[in-house]
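Some notes on the structure that comes next.
Ligands are counted one by one from 1 in listed order, and the atoms in each one are counted from 1 as well. Count residues from 1 along the sequence.
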Amino acid sequence: MTTSTMPSHPLDPLSSAEVQRACDLIRQESGLGEHLRIAQLLLHEPDKKDVLSYQPGQPFNRQAFGVILDKRSGDTYEAIADLAGGRVSLTRMNEAESEFGQACILMEEFAEAERIVKADPGWRAAMQKRGLNDAEMELVQVDPFSAGYFDLEHERGKRIVHAVCYYREELTDNGYARPIEGVVAHVDLIAGKVAHLVDERVVPIPKKKRNYHGEALGTPRSDLKELNIVQPDGPSFEVNGWEVKWQKWSFRVGFTPREGLVLHQLSYDDDGQERPIIYRASVTEMVVPYADPTANHYWKSAFDGGEYGLGKCANQLELGCDCLGLIHYFDIPAADDFGQAYDMKNAVCMHEEDYGTLWKHNEFRSGIHELRRSRRLVISFFATVGNYDYGFYWYLYQDGTIQLEAKLTGIIQTAAVTPGEPYPWGGMVDEGLAGPTHQHFFNARLHMMVDGEQNSVTETEFHPTPMGPKNPYGNVFETRSRTLKTELDTTGIAEGRVGTYWKIINPNVKNSVGNPTGYKLVVNPSPLMLAHPEATVQARGGFATRHVWVTPYTPAEKFASGDYPNQHPGGDGLPKYTASNRPIENTDLVVWHTFGHTHVCKPEDFPIMPVEYAGFLLKPNGFFRANAAMDLPKNTDQHSVQDGTGTHCCGGDKKN
Ligand code: CO
């Protein structure tokens with residue numbers, strides 16, 4: 001699609017022209033000139049009531065929201081630019097330092113940190129101590145890692161990253177195979193110097209190259225035959241600007257620098273009635289705390305959403321993605337660090353997938369055999385944040401199910417280990433090379449709108465019924481459900497033993513059997529944060545102490561970890577939002593779901609780990625009057641043939 005076209009809906013992401021105009025207005029108003037840096041720039045989303053009352057063709061306001069940095073002073077501002085009127089309001093954010101973290105790390109600062117570190121005499125001496133000469137130092141890979149928060153004197157009020165280093169013989173080597181242990185440079189990005197150098201243990205640099213490109217991979221296997229997905233009649237979806245219709249689903253695509261892909265106004269056409277389900281859905285944070293207490297690792301806890309930006313780190317999929325078939329790509333207009341608009345080409349991918357059986361029954365008495373295949377719509381993007389790569393895949397199914405699947409791949413954080421010594425804080429992946437144990441926590445923010453704006457959440461558990469008149473044979477267990485009254489009216493923890501689950505219901509709309517209509521949040525087995533309550537990472541990532549949080553919708557409450565987690569001392573985000581225990585019954589509400597993975601590293605994770613999955617589903621539960629996919633046509637696929645015989649198989653209707 002052409003991203004410079006005029007917006008046609010209030011939720012359309014900023015066009016390239018709007019991005020450029022916003023940057024120019026901000027540059028002018030701020031007076032920062034060459035010192036201006038744009039950490040984030042996005043659509044300032046209009047009020048929900050204005051969006052819901054919007055009629056096609058009506059005029060609407062366009063505003064841009066920016067987080068900007070004065071590169072000279074380190075001062076941070078929030079900017080709101082009115083694009084038609086040309087007015088900009090600027091608010092300085094870092095006046096009260098105790099409550100403010102830092103804007104996310106800029107792309108420019110990756111290169112800058114490397115330059116600063118390599119020019120530092122202390123760092124060069126530390127490298128020399130580890131046997132590196134000047135030429136080898138030039139080839140060292142420097143990763144600017146978000147610093148965490150430890151209230152260090154030299155970090156207070158400063159814009160800091162921690163630089164960790166990797167040995168490479170060539171620039172294309174996989175640095176993570178050869179970590180340089182014991183050296184961490186605390187880089188002051190505004191002063192342009194190393195504020196503090198940690199130089200502790202000397203550990204031999206692992207010897208082996210573990211590259212994953214070209215000849216390093218050896219001869220690829222040769223027994224794979226071609227597999228093609230053919231869609232001769234085109235896809236079954238329709239795209240109109242940022243609006244998508246597929247089967248009975250409709251929604252709008254959005255994208256922000258922090259969250260990446262956003263789904264707006266997801267609804268389902270139920271026999272001609274447009275039924276809203278979600279107003280806005282996105283992943284607002286992802287944090288990875290590491291569980292190794294040594295110099296290179298104890299402070300590592302990257303908040304990839306708030307400290308780097310999942311959207312800013314999105315891959316441009318011009319070089320291809322892992323999807324097959326007929327693909328629609330969305331280009332995302334964005335601002336670079338310096339306030340120049342550009343298009344992130346093919347950043348969002350959409351296609352259809354066959355998903356096996358949706359429903360089936362074989363009635364042996366009558367010989368009736370009915371089955372329908374499932375098809376799902378996939379809307380996805382991939383973000384690469386340093387060593388890790390994360391895919392975010394939203395799936396819509398024909399029976400009304402909604403799914404988010406995060407795909408975790410890329411390269412693990414590594415530690416060098418002296419050969420012969422044990423590594424107590426994780427798993428060995430190769431000779432002298434270990435991966436510290438860590439956790440990944442995502443948080444999805446689901447602004448629900450099941451059949452309207454007034455929703456409630458119920459919590460259900462299963463408990464055995466005591467033996468007695470109500471349970472004479474001992475086989476009975478009861479399903480205990482209650483409606484949550486206030487934000488703290490639940491532990492928010494999914495207990496597998498009692499099967500805790502939550503449902504978002506509309507108490508004002510009854511279904512075909514007289515109950516409120518609803519969607520069930522299917523929580524997969526998922527860890528919670530294991531860092532100690534006194535650890536700063538728990539204060540900063542408090543959202544990961546519960547699986548489910550429910551808040552009354554408040555426009556300013558956007559992110560599970562708060563607005564500025566980078567170098568933030570903690571206490572912001574969901575624990576703060578919910579502290580006053582507001583009512584959440586029969587109101588406009590947001591469900592926040594934490595899900596993740598505890599990762600103990602192993603040889604199979606290296607050099608690139610196969611995808612690990614984490615995610616959740618939202619399933620219609622008393623929303624429809626019956627299986628919503630009973631109206632699917634029989635499979636008419638003419639391409640499936642039986643191995644060896646050439647006859648059709650598996651379509652389900654070929655014998656009828
Ligand atoms: Co991991």
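Geometrically, K407 does not engage Y613 in a cation-pi contact, judged by NZ or CZ lying under 6.0 Å from the ring centre and within 45° of the ring axis.
Taking a cutoff of 4.0 Å between a charged side-chain nitrogen and a carboxylate oxygen, D304 and K312 do not qualify as a salt bridge. Using a 4.0 Å cut-off between charged side-chain N and carboxylate O, K208 and D430 make a salt bridge.
No other N/O/S atom of H599 lies as close to the Co ion (ligand 1) as ND1 does. The Co ion (ligand 1) lies closest to atom NE2 when only the N/O/S atoms of H438 are considered.
Each of W299, Y298, F150, Y149 was evaluated against H162; a single residue qualifies, W299, per the ring pair (Phe, Tyr, Trp, His ring centres under 6.0 Å) test.
The Co ion (ligand 1) lies under 2.8 Å from an N, O or S atom belonging to Y388.
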